[in-house]
Amino acid sequence: SDEAVKQLQKVPQLTPGGEATLGILLAQTAQSEAELGVAVAHLSKGVDAFPQGEQARMVLAQSLLRMGKGSQAWLQVQ
């Protein structure tokens, strides 16, 4: 997944699917709130992608919960 992240980060303009994929990969390896914040930014751009959008939305909600932002997470799963 490290190689996939490196390749996706090189792309100047990701599609929503690319944003979703990158956000999911970043969230899986995030060790700090700052790293989660970067993942959340990508996930937010990818939640409407198909077919990755549903997974991106769930990972976004989980990441927001890890950041202590439960009310924002709840909006993703309603």
Side-chain angles (χ1 to χ4, degrees):
S1 85
D2 288 342
E3 185 60 31
V5 168
K6 287 177 188 175
Q7 292 302 315
L8 286 168
Q9 288 175 327
K10 289 180 184 178
V11 177
Q13 189 85 25
L14 289 172
T15 64
E19 293 284 0
T21 301
L22 179 56
I24 290 166
L25 292 171
L26 290 171
Q28 290 173 346
T29 59
Q31 298 293 315
S32 69
E33 189 166 331
E35 290 174 348
L36 277 173
V38 172
V40 164
H42 289 287
L43 290 165
S44 296
K45 295 175 185 175
V47 293
D48 294 325
F50 181 81
Q52 305 95 328
E54 287 303 312
Q55 184 180 3
R57 190 174 300 282
M58 186 57 80
V59 174
L60 175 58
Q62 292 169 343
S63 297
L64 289 167
L65 284 172
R66 288 174 59 192
M67 295 172 72
K69 299 181 179 183
S71 61
Q72 290 179 23
W74 177 246
L75 293 173
Q76 298 302 318
V77 295
Q78 284 186 335

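The first residue of the sequence shown is numbered 1, and numbering continues consecutively from there.
- Follow the hydrophobic side-chain contacts under 4.5 Å out from Met67 and you reach Ile24 in the same cluster.
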Under 3.5 Å donor-acceptor pairs involving side-chain atoms of residues 40-55, not counting sequence neighbours:
residue	atom	partner	partner atom	Å
His42	ND1	Glu19	OE1	2.5
Ser44	OG	Val40	O	2.9
Asp48	OD1	Arg57	NH2	3.4

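- Val5 forms part of a hydrophobic cluster together with Leu8, Val11, Leu14, Leu22, Leu25, Leu26, Val38, judged by ILVMFWY side-chain heavy-atom separations under 4.5 Å.
- Among pairs with a residue in residues 23-39, none fulfils side-chain hydrogen bond (donor to acceptor under 3.5 Å, both in side chains), at least two apart in sequence or across chains.
- Within a 6.0 Å radius of CD in Gln78, other residues, nucleotides and ligands contribute more than 12 heavy atoms.
- Using a 3.5 Å distance cut-off with no hydrogens or angles, the side chains of Gln76 and Gln72 do not pair a donor with an acceptor.
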